[in-house]
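Before any comments, here is the structure.
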Amino acid sequence: FASRPNAAELREVAYPIINQDAVVSRVFISQYPAAFRAGEHSAGALDNAVAGRFGLAASSYLPLVSRGRSIGVLCIDSADGGLLLPGKVTSRLADFIQQVTERLDEARSYHQQVQLARRLEESKKREAAGQMVRSAVRLVEKVALASVLTPVVSGDGSVALEVLASYAEEPALQMQYDRLGAILLEPGASLISRYVDEEAVISDDRLLKPLFINDLSRHDLQKRELTDEMSLRSLYVVPRFEPRSRRVICLLNYFCQEEYRFSEFEMGLLQSHAEMVASVVSGVG
């Protein structure tokens with residue numbers, strides 16, 4: 001937990017546990033309180049980098065210990081170099097910490113279980129979606145690469161479409177596609193942003209049904225590499241979305257390396273395939 005200015009950014013800072021170069025890490029290992037002043041000889045490179053980034057001049061660190069085990073460090077930071085905690089305040093805080101660490105330990109354990117469950121769920125989704133896109137490429141001969149895009153909220157609150165899974169018979173083509181990263185949804189940022197707004201809600205009725213793009217090279221793309229380096233030409237996009245809100249569950253992209261119009265039969269196969277992928281993404285648990 002972090003409070004006051006830069007709280008969201010502070011939450012992204014991570015300290016390695018086994019590292020004598022960071023005061024926070026030393027407090028966690030030793031279970032003894034410590035102090036830090038920016039620029040001091042005892043301060044490590046990581047401490048000074050964090051201090052410089054957030055304008056910190058001094059910090060007091062108190063260990064959080066439950067049943068003899070370190071569970072964390074309380075960091076009290078100040079922009080004023082003279083504001084290190086006096087002994088009486090440190091002692092009172094240590095008494096308070098002793099009263100609450102058992103509850104904090106329970107919260108830490110619960111949080112880790114939730115995080116692990118989420119990672120397992122995400123892993124299941126990726127594995128299942130990966131199997132599905134592999135089957136699509138093998139199912140329809142002209143499909144060179146297939147991918148599943150799902151909405152993801154970033155730290156600043158913006159939404160992008162991230163590649164959940166992709167597959168191409170050529171490993172180099174798949175690696176190149178995966179390196180391109182997320183599709184931005186700001187107006188004019190990408191081809192998909194013409195049809196989907198910044199909240200990942202379908203804004204153009206044309207994407208309420210599958211969308212066929214005959215030649216990608218004729219469009220303004222966020223990822224020019226798709227056509228310039230990967231030679232992808234035709235794209236068949238099958239949307240899956242919440243009927244009421246029109247928010248995207250996932251977009252299935254089926255790419256061809258030549259201008260190719262899918263037959264009715266092939267489009268039916270890919271639409272059925274997309275339905276199965278959507279059920280995997282929204283209900284794999």
Side-chain angles (χ1 to χ4, degrees), residues 122 125-126 128-137 139-140 142-154 157-167 177 180-224 226-227 232-256 258-285:
E122 188 68 19
K125 286 182 181 180
R126 287 187 183 278
Q131 292 175 1
M132 296 299 295
V133 289
R134 186 179 298 111
S135 71
V137 172
L139 193 66
V140 180
K142 292 295 185 179
V143 174
L145 183 143
S147 67
V148 184
L149 304 180
T150 55
V152 175
V153 181
S154 62
S158 63
V159 181
L161 293 175
E162 187 179 74
V163 179
L164 178 67
S166 68
Y167 181 76
Y177 179 80
L180 295 180
I183 302 294
L184 304 178
L185 295 178
E186 289 88 353
S190 63
L191 176 61
I192 294 298
S193 68
R194 299 180 189 174
Y195 307 94
V196 179
D197 70 15
E198 294 175 271
E199 299 298 320
V201 174
I202 294 175
S203 55
D204 189 320
D205 289 355
R206 286 178 292 179
L207 196 60
L208 295 176
K209 57 185 180 181
L211 180 69
F212 178 72
I213 298 171
N214 186 54
D215 187 358
L216 284 169
S217 64
R218 297 179 183 176
H219 294 268
D220 292 329
L221 302 176
Q222 176 194 343
K223 318 285 188 182
R224 292 302 316 177
L226 289 172
T227 55
L232 298 174
R233 281 292 177 266
S234 294
L235 170 62
Y236 187 53
V237 183
V238 182
R240 303 305 301 171
F241 53 90
E242 298 289 348
R244 290 186 179 181
S245 66
R246 308 202 331 181
R247 192 173 197 275
V248 170
I249 297 171
C250 60
L251 293 181
L252 279 292
N253 288 338
Y254 304 102
F255 293 96
C256 303
E258 59 185 73
E259 291 186 35
Y260 178 75
R261 184 170 289 278
F262 295 99
S263 68
E264 290 291 332
F265 178 72
E266 289 171 329
M267 288 191 290
L269 280 177
L270 294 176
Q271 288 170 32
S272 297
H273 177 267
E275 289 176 10
M276 288 188 283
V277 173
S279 67
V280 163
V281 169
S282 58
V284 72

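- Rounded to the nearest 0.5 Å, atoms OG (S193) and CG (L184) are 8.5 Å apart.
- When all heavy atoms of G130 and A165 are compared, the pair lying nearest together is N-CB, 3.5 Å.
- Judged purely by atom type and a 3.5 angstrom limit, S166 has no side-chain atom pairing as donor or acceptor with the backbone of A146.
- Between F212 and S234, some side-chain heavy-atom pair lies under the 4.5 Å cut-off.
- Using a 4.5 Å heavy-atom cutoff, the side chains of E198 and P187 are in contact.
- The side-chain contact (heavy atoms from CB on, under 4.5 Å) test applied to M267 returns Y236, F262, E264, Q271, not counting sequence neighbours.
- Listed by first then second residue, pairs satisfying salt bridge (charged side-chain N to carboxylate O under 4.0 Å, His left out) with a partner in residues 234-246 read D205-R246, not counting sequence neighbours.
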Do F241 and V201 pass the side chain to side chain contact (heavy atoms under 4.5 Å, CB included) test, and can you show the C-alpha distance, the side-chain angles, and the key distance before you say yes or no? CA-CA 8 Å; F241 53 90; V201 174; over 6 Å; no
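- Residues L252 and V148 have side chains in contact (heavy-atom distance under 4.5 Å, counting atoms from C-beta outward).
- There is a side-chain donor-acceptor pair under 3.5 Å between E266 and Y260.
- Minimum interatomic distance between E199 and R247 (heavy atoms only, all atoms of both residues): O-NE, 3.3 Å.
- Distance check: L139 CG to L269 CG gives 5.0 Å after rounding to the nearest 0.5 Å.
- Note that CG of L251 and CG of L149 are 5.5 Å apart. Values are rounded to the nearest 0.5 Å.
- For the atom pair OG1 (T150) and CG (L164), the distance works out to 4.5 Å, reported to the nearest 0.5 Å.
- Residues satisfying the side chain to side chain donor-acceptor pair (under 3.5 Å) test with D215, not counting sequence neighbours, are S217, R218.
- A pairwise comparison of heavy atoms in K223 and L180 identifies NZ-O, 2.5 Å as the closest pair.
- For the residue pair L208 and P239, the shortest heavy atom distance occurs at C-CG, 4.3 Å.
- Between atom CZ of residue R206 and atom CG of residue L211 there is a gap of 7.5 Å, rounded to the nearest 0.5 Å.
- You'll find the side chain of V140 stays beyond 4.5 Å of the side chain of Y254, heavy atoms only.
- A 4.5 Å side-chain heavy-atom check between L216 and L191 finds at least one atom pair inside the cut-off.
- Summarising the geometry, atom CG belonging to L270 is positioned 11.5 Å from atom CG belonging to N253; distances are rounded to the nearest 0.5 Å.
- Across every non-hydrogen atom of L207 and I202, the tightest pair is O-CD1, 3.7 Å.
- Across every non-hydrogen atom of P151 and V248, the tightest pair is CG-O, 3.2 Å.
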